Student: 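Mind looking over this structure? Questions follow.
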Amino acid sequence: MIEVIAAVAGASISVAALGAAGFTRRNDEARDAVIRLTSAVEHIATQLEVLHNDIREERRETFGRLNGVEQRVSKLEAKDNWVGDERRR
């Protein structure tokens, strides 16, 4: 009878140990997954920041060029109006 109780107790301890080992392994896998995801998010954030800076620089350059073009057009329009006024006299 004692052997049966010892065998059941041994089996119970083995099952508990295997369950604990599986739980620990799942925790390790979950921790590794969180670390990988965190690294990926940080990388994406860095790339978005670089992209944002590139877009900002490109807009600055584009609007600077547009401003120059607008100024030249205004000068041409003013010159055309002046010449047009002189022709009418």
Side-chain angles (χ1 to χ4, degrees):
M1 181 71 173
I2 291 181
E3 291 94 12
V4 172
I5 294 174
V8 169
S12 298
I13 291 172
S14 296
V15 167
L18 288 175
F23 181 73
T24 302
R25 184 182 45 177
R26 282 191 302 252
N27 270 349
D28 290 344
E29 290 171 356
R31 186 188 70 233
D32 291 344
V34 167
I35 290 170
R36 282 193 308 273
L37 288 172
T38 302
S39 297
V41 168
E42 288 175 355
H43 177 70
I44 290 170
T46 301
Q47 293 301 315
L48 280 174
E49 188 174 335
V50 168
L51 178 63
H52 178 70
N53 289 335
D54 287 347
I55 289 171
R56 186 182 309 151
E57 280 298 316
E58 189 172 307
R59 281 186 180 173
R60 196 174 289 149
E61 180 183 341
T62 300
F63 285 116
R65 287 182 178 184
L66 183 59
N67 186 25
V69 168
E70 286 177 346
Q71 289 175 1
R72 284 179 281 187
V73 167
S74 294
K75 286 180 183 177
L76 289 173
E77 287 175 345
K79 195 177 213 182
D80 186 44
N81 286 339
W82 186 79
V83 169
D85 290 343
E86 286 296 316
R87 277 191 235 151
R88 290 185 186 152
R89 289 184 185 176

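As the structure is a prediction and not an experimental result, all values here were calculated from the model.
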Student: Do other residues, nucleotides or ligands put more than 12 heavy atoms under 6.0 Å from Gln47 CD?
Tutor: yes
Student: Could you measure the distance from the CG atom of Leu51 to the CD1 atom of Ile55? Nearest 0.5 Å is fine.
Tutor: 4.0 Å
Student: Is the CD atom of Glu58 crowded by more than 12 outside heavy atoms at less than 6.0 Å?
Tutor: no
Student: Nearest 0.5 Å, what's the CD1-CD distance between Ile44 and Glu49?
Tutor: 14.0 Å
Student: Roughly how far apart are Arg31 CZ and Arg36 CZ, rounded to 0.5 Å?
Tutor: 11.0 Å
Student: Roughly how far apart are Leu37 CG and Asp32 CG, rounded to 0.5 Å?
Tutor: 11.0 Å
Student: Evaluate the criterion salt bridge (charged side-chain N to carboxylate O under 4.0 Å, His left out) for residue pair Arg60 and Glu57; output intermediate values, then yes/no.
Tutor: CA-CA 5 Å; Arg60 196 174 289 149; Glu57 280 298 316; 2.8 Å; yes
Student: Say you draw a straight line from CG of Asp54 to NE2 of His52; how long is it, rounded to the nearest 0.5 Å?
Tutor: 10.5 Å
